[in-house]
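Nothing fancy with the numbering, it's 1 onward along the sequence.
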Amino acid sequence: MEQEAAARGKGARKGSAAPPARAEGPARPASAPKGPGRGQQQQQQPPSPRDPVEGAAWLGKAGEGSPQAEQGSAPSRRKAPPQKSPPQADRRDPAGKSSPPAQGRGAVRKKQARPVEAKALAEEKGAAASGGAPRPRKQGPPAQQEPHRGETGAAPPGRKAAPQEKRAPDAQEPQQKGAAAAAGGRSSLRPVLRRLRLRKAEISHNSRRVNWVRDLLVKAIAREGCFGSVAILGTGSYYEHTKITKPDEFDIMLKVPEVRLELEPYDTCDYKDPYYLVKLKRNPTLKQLNKFADQEHLSASKILSELRTIITDEVKTINEMKVTVEREKPGSPAVTLQIGEPPSRISVDIILALEMTGTTLWDSRKGGPDVKKWLGAQMERQLYRQRRCLVPKNVKVGAHFIDTWRLSFSLAEKTIIKYHGNAKTCCEDNGKKCCRKDCLKLLKYLLEQLKTKHQSRNQFNKFCSYHAKTAFFHTCAKWTSDDEWLPENFDECFERLLNYFLDCLRIVELKHFFIPEYNLFCADLKCSILAQAIESEQTNGFPIFKQT
């Protein structure tokens, strides 16, 4: 018995002399984790359920706003309130004996070290998130440390928050507000542009229907043999990737290649496009075109009427979907189809074009645009080496239409919009982006909205998207650098294009891009009224965009 008592006394003296964080005695449970040193990282492990002191310290660290958290963060020199201290009956080891005083003091120090360590780590993380240097840890004794705040950052009742905790949000707030204001100023028109994007599912669905009908019609035209072999070419805004709102309009060109023709300019009236009378040369491969000759000239009306007949007969055999042929429009070079029912109806314009042999766009240039600074010398040569194409377009003289043909630059325009940048990799996957196409889309949308707003008076019906595209070409040729069309400067770039279009409206002159001697703004267009409407929208921040 005396030996056991001596052993117990020796163990008690040994436990009281050891440091609190490393106290080990027979009264300490075997499963209790060893406390870390002051400079070591505390390992988050749940305490033994048999030690309520350790459990209270661990819960005080993990809980938010709990009484245990406030108790655990109290300084060592300040006595904890009696009602918050754990009952003495709970401070017992598994054998039922009271814990030694050294062990209790060590547990209190452990509870103090944990929140202080957590607070230092939280301050470092907060400084790293705000972009500043991490705050140095305080080296004072535990009694001088600031009490633990918990995850919510709220100070305990009766104590003021530290000054450094208040300065961190104030330092970040001006930067966030300035970034938000700058982003809002740069992209004030971007939300409008996002509404104009085409939906991929709708594009896929409509294009499949159009391609299916197109293939049937091409087979029917090839069976007749009067036009020989035709090449299918997609033109217009959909194939130029400048279509807005909905993929509901498609332009398909059926090109008859290598036709020997002789042109005779038709210049007896004031017209806004280059119209010609066409004569057939000796062409053994396309003798079928002779039946469309009216005396010595090739009749555009007869060829267009024959194409309409072939298409109408083939459409009548389609039972898979509803397809109708619209009535002939005087002066229109296209046969227009309607696929489906509203509101998902699709309009398809089928245009027949004759490609001339031995001639290129160089022959009709006559002081045309100098795109060398914009697209480069190689692209300029490639552009003007394209063959000239003629479409059956009748010119109106007074109340009558004359059987004429018109030069088509659809393929050249498609090439320009595809390779629209000064750099060779502009807007490619790995290239630098620009906002040229976005500016064109928004100008087209503004013109459409104004036409809809004033449709009761039919003031702007004669204005079309081709006027916007021509103004776009001239603007790009004037401001050639890609740095002048950066996406972050979209508002400024759109204002530049819009101001150029306004200048053309004020002087009632918009030159044809390829043949500058022709003016696209004729006298019967209400250019001044449209200019006033655009100026009003521009001054008031484009309220017409907010109405849609």
Side-chain angles (χ1 to χ4, degrees), residues 174-199 237 240-246 373-375 416-418 420-423 425-428 431-454 460 463-507 510 513 527 530-548:
Q175 298 177 358
Q176 296 175 356
K177 289 184 178 180
R186 289 195 306 265
S187 60
S188 60
L189 295 175
R190 281 289 179 184
V192 182
L193 189 65
R194 285 193 291 267
R195 296 201 304 265
L196 306 182
R197 293 178 181 175
L198 306 182
R199 299 179 180 178
S237 59
E240 293 168 352
H241 302 287
T242 57
K243 188 74 177 70
I244 59 176
T245 310
K246 289 184 178 181
K373 294 182 180 179
W374 171 23
L375 302 176
I416 289 178
I417 293 181
K418 182 178 180 180
H420 56 268
N422 182 259
T425 59
C426 182
C427 289
E428 292 184 0
K432 192 175 182 180
K433 306 297 180 182
C434 78
C435 64
R436 290 182 176 93
K437 288 186 179 181
D438 292 340
C439 293
L440 175 58
K441 291 178 182 179
L442 195 58
L443 180 58
K444 291 169 60 177
Y445 183 62
L446 175 62
L447 190 57
E448 285 187 4
Q449 293 301 112
L450 290 174
K451 291 169 66 176
T452 303
K453 182 178 179 180
H454 300 272
F460 309 139
F463 291 97
C464 59
S465 60
Y466 191 76
H467 294 131
K469 184 164 68 171
T470 302
F472 168 74
F473 286 154
H474 284 295
T475 307
C476 291
K478 190 174 182 180
W479 287 274
T480 59
S481 175
D482 294 339
D483 293 335
E484 296 173 319
W485 298 91
L486 297 178
E488 53 266 28
N489 301 329
F490 172 71
D491 287 5
E492 177 185 348
C493 297
F494 175 70
E495 290 287 338
R496 180 192 304 146
L497 173 60
L498 186 62
N499 290 333
Y500 181 88
F501 188 65
L502 281 172
D503 292 340
C504 295
L505 289 172
R506 294 187 187 105
I507 63 176
L510 179 60
F513 187 69
C527 295
L530 179 60
Q532 293 175 3
I534 294 178
E535 289 172 353
S536 176
E537 294 290 335
Q538 188 179 25
T539 303
N540 297 313
F542 302 100
I544 198 169
F545 291 154
K546 301 175 183 179
Q547 298 173 1
T548 56

Asks: Might you work through the side chain to side chain contact (heavy atoms under 4.5 Å, CB included) test for His454 and Leu530, ending with a clear yes or no?
Replies: CA-CA 10 Å; His454 300 272; Leu530 179 60; over 6 Å; no
Asks: To the nearest 0.5 Å, what is the distance between CD1 on Ile534 and CZ on Phe460?
Replies: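 That separation rounds to 8.0 Å.
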Asks: Side-chain contact, heavy-atom cut-off 4.5 Å: Phe542 with Leu498?
Replies: yes
Asks: Could you tell me whether a side-chain N or O of Asp482 sits under 3.5 Å from a main-chain N or O of Asn422, the two making a donor and an acceptor?
Replies: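 At least one qualifying donor-acceptor pair exists.
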Asks: Considering all heavy atoms of both residues, which atom of Cys427 and which atom of Lys433 are nearest to each other, and what is their separation?
Replies: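 Nearest pair, atom of Cys427 first, then Lys433: O-NZ, 3.6 Å.
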Asks: Which atom names give the shortest non-hydrogen contact between Leu189 and Phe494, and what distance separates them?
Replies: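 The answer is CD1-CD2, 3.7 Å.
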Asks: Using every non-hydrogen atom in the two residues, find where Leu447 and Cys464 come nearest and quote the distance to one decimal.
Replies: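 Looking at all heavy atoms of both residues, the closest pair is CD2-O, 3.4 Å.
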Asks: Mind checking the CD1-SG spacing from Ile507 to Cys527? Nearest 0.5 Å is all I need.
Replies: 10.0 Å
Asks: Measure across Ile244 and Leu198 and return the closest heavy-atom pair with its distance rounded to 0.1 Å.
Replies: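 Minimum heavy-atom separation between Ile244 and Leu198: C-CD2, 3.8 Å.
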Asks: How long is the gap from CG on Leu442 to CG on Leu446, to the nearest 0.5 Å?
Replies: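 Those atoms lie 7.0 Å apart.
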Asks: Are Arg506 and Glu535 ion-paired here, with the side-chain N under 4.0 Å from a carboxylate O?
Replies: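 Looking at Glu535 together with Arg506, the answer is yes, because their closest N to O distance falls below 4.0 Å.
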Asks: Looking at Trp485, does the NZ or CZ of Arg496 lie under 6.0 angstrom from its six-membered ring centre and within 45 degrees of the ring axis?
Replies: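 Here Arg496 passes the 6.0 Å and 45° test against Trp485.
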Asks: Of the non-hydrogen atoms in Leu502 and Ala531, which two are nearest, and what is the gap between them?
Replies: CD2-O, 3.7 Å
Asks: Can Lys444 and Leu196 be said to form a side chain to side chain contact (heavy atoms under 4.5 Å, CB included), step by step?
Replies: CA-CA 11 Å; Lys444 291 169 60 177; Leu196 306 182; over 6 Å; no
Asks: Would Ile417 and Lys437 count as a side chain to side chain contact (heavy atoms under 4.5 Å, CB included) if you check the C-alpha gap in whole Å, the side-chain angles of each, and the deciding distance to 0.1 Å?
Replies: CA-CA 8 Å; Ile417 293 181; Lys437 288 186 179 181; 3.6 Å; yes
Asks: How close do Trp374 and Cys476 get, counting heavy atoms only, and between which atoms?
Replies: CZ2-CB, 3.3 Å
Asks: Would you say that Cys435 contacts Arg190 through its side chain, given a criterion of any heavy-atom pair below 4.5 Å between the two side chains?
Replies: yes
Asks: What do the steps show when you test Glu240 against Lys469 for side chain to side chain contact (heavy atoms under 4.5 Å, CB included), and what is the final call?
Replies: CA-CA 11 Å; Glu240 293 168 352; Lys469 184 164 68 171; 3.3 Å; yes
Asks: Are any non-hydrogen side-chain atoms of Thr475 and Phe501 less than 4.5 angstrom apart?
Replies: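 They are not in contact (no side-chain heavy atoms under 4.5 Å apart), so the answer is no.
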Asks: When rounded to the nearest 0.5 angstrom, what distance separates CD in Glu495 from CG in Leu497?
Replies: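 Rounded to the nearest 0.5 Å, the CD-CG separation comes to 10.0 Å.
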Asks: Are more than 12 heavy atoms from other residues, nucleotides or ligands located less than 6.0 Å from atom NZ of Lys246?
Replies: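 No, not enclosed.
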Asks: Just wondering, do Leu450 and Phe463 contact through their side chains at under 4.5 Å, heavy atoms?
Replies: no
Asks: Would a 4.5 Å heavy-atom cut-off, applied to side chains only, mark Arg436 and Leu440 as touching?
Replies: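 Of all side-chain heavy-atom pairs linking Leu440 with Arg436, none is under 4.5 Å.
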Asks: Is there a side-chain contact between Phe472 and Thr242, using heavy atoms and a 4.5 Å cut-off?
Replies: no
Asks: Tell me, do His467 and Thr470 make a side-chain contact under 4.5 Å, heavy atoms counted?
Replies: no
Asks: Does some side-chain heavy atom of Pro543 sit less than 4.5 Å from a side-chain heavy atom of Glu537?
Replies: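 Yes - at least one pair of side-chain heavy atoms lies under 4.5 Å apart.
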